[in-house]
Amino acid sequence: MSPLWLSLEVALLALVHIIVVGLLLNYILKRYDVKGKALIDSVLTLPLVLPPVVVGFALLVIFSPGGAFGAWLQSIGIQVVFSKMGAVLASSIIGFPLFYQTVRAALSSIDPAVEDVARTLGASEVRIFFTISIPLAWKGIVTGAILAFSRALGEFGATILIAGNIPGLTRTMPLAIYSLVEVGDYSGAFTIVVYICALTLGLLWSVHLITKGGLFGQRR
């Protein structure tokens with residue numbers, strides 16, 4: 001059961017980072033006329049289409065103790081490579097685009113007139129975002145969070161490069177499946193596959209209930 005609990009812990013920690021950074025970036029890009037917004041949006045979405053091993057390799061290059069930044073982090077007691085922090089970082093980056101794009105779409109669908117009324121009453125942009133925009137876009141935010149959590153739960157390629165496959169420390173469910181298949185323990189691998197399929201199916205069903213199928217098709 002260790003890979004199951006570790007996967008849930010890593011995915012939850014990643015989700016916290018994803019929500020905080022995702023809401024902050026959506027606020028900045030929605031409220032301010034940032035130059036190169038299209039390019040920024042593309043960069044933020046890039047991990048969604050890149051092979052996860054590419055993301056993992058980039059993280060390994062950045063945070064490796066052999067590099068200047070990685071060596072500095074290690075000198076102050078922060079180890080990212082081959083640690084749980086590395087697994088959380090990989091899952092955060094891989095899952096982030098799903099949350100970011102879902103929330104972006106939800107915020108864009110809000111009637112601007114509602115926010116304009118609040119502005120005429122003297123409400124600040126921050127207050128409008130947190131008391132009007134977010135409540136109106138709550139379905140998109142919850143949906144994005146569930147999708148990002150599901151993606152973080154199943155992350156493999158980036159994690160194995162930056163965090164390794166250390167039992168009890170970084171061996172999440174996907175890595176455990178890989179390790180068990182590698183030694184020929186198909187029965188053990190199948191058990192974990194059942195766990196992860198049941199979890200992700202339940203999460204996707206939650207998305208369906210929240211959006212009434214609107215995320216994947218037209219509501220009838």
Pairing donors with acceptors under 3.5 angstrom, does anything connect the side chains of Arg31 and Ser133?
yes

Between Ser83 and Val80, is there a donor-acceptor pair closer than 3.5 Å when you use the side chain of the first and the backbone of the second?
yes

side-chain hydrogen bond (donor to acceptor under 3.5 Å, both in side chains) involving Arg119 - partner list, sequence neighbours excluded:
Asp116, Glu125

Does Ser75 reach the main-chain N or O of Trp72 with its side chain, forming a donor-acceptor pair under 3.5 Å?
yes

Pairing residues for Glu9 by the salt bridge (charged side-chain N to carboxylate O under 4.0 Å, His left out) criterion, not counting sequence neighbours:
Lys84

Can a donor-acceptor pair be found between the side chains of Glu155 and Thr172 at a distance below 3.5 Å?
no

Using the side-chain hydrogen bond (donor to acceptor under 3.5 Å, both in side chains) criterion, which residues pair with Lys30? Sequence neighbours excluded.
none

Between the side chain of Ser91 and the main-chain N/O of Ala11, is any donor-acceptor distance below 3.5 Å?
no

If you look at every heavy atom in Leu153 and Ser7, which pair is closest and at what distance?
CD1-O, 3.7 Å

Does the side chain of Asn165 pick up a donor-acceptor pair with the side chain of Thr170 at under 3.5 Å?
no

Is there a continuous path of hydrophobic side-chain contacts, each under 4.5 Å between heavy atoms, that joins Leu59 to Ile78?
yes

Minimum heavy-atom separation for Ala163 and Gly86, please, with both atom names.
CB-C, 4.0 Å

Is the CZ atom of Phe57 crowded by more than 12 outside heavy atoms at less than 6.0 Å?
no

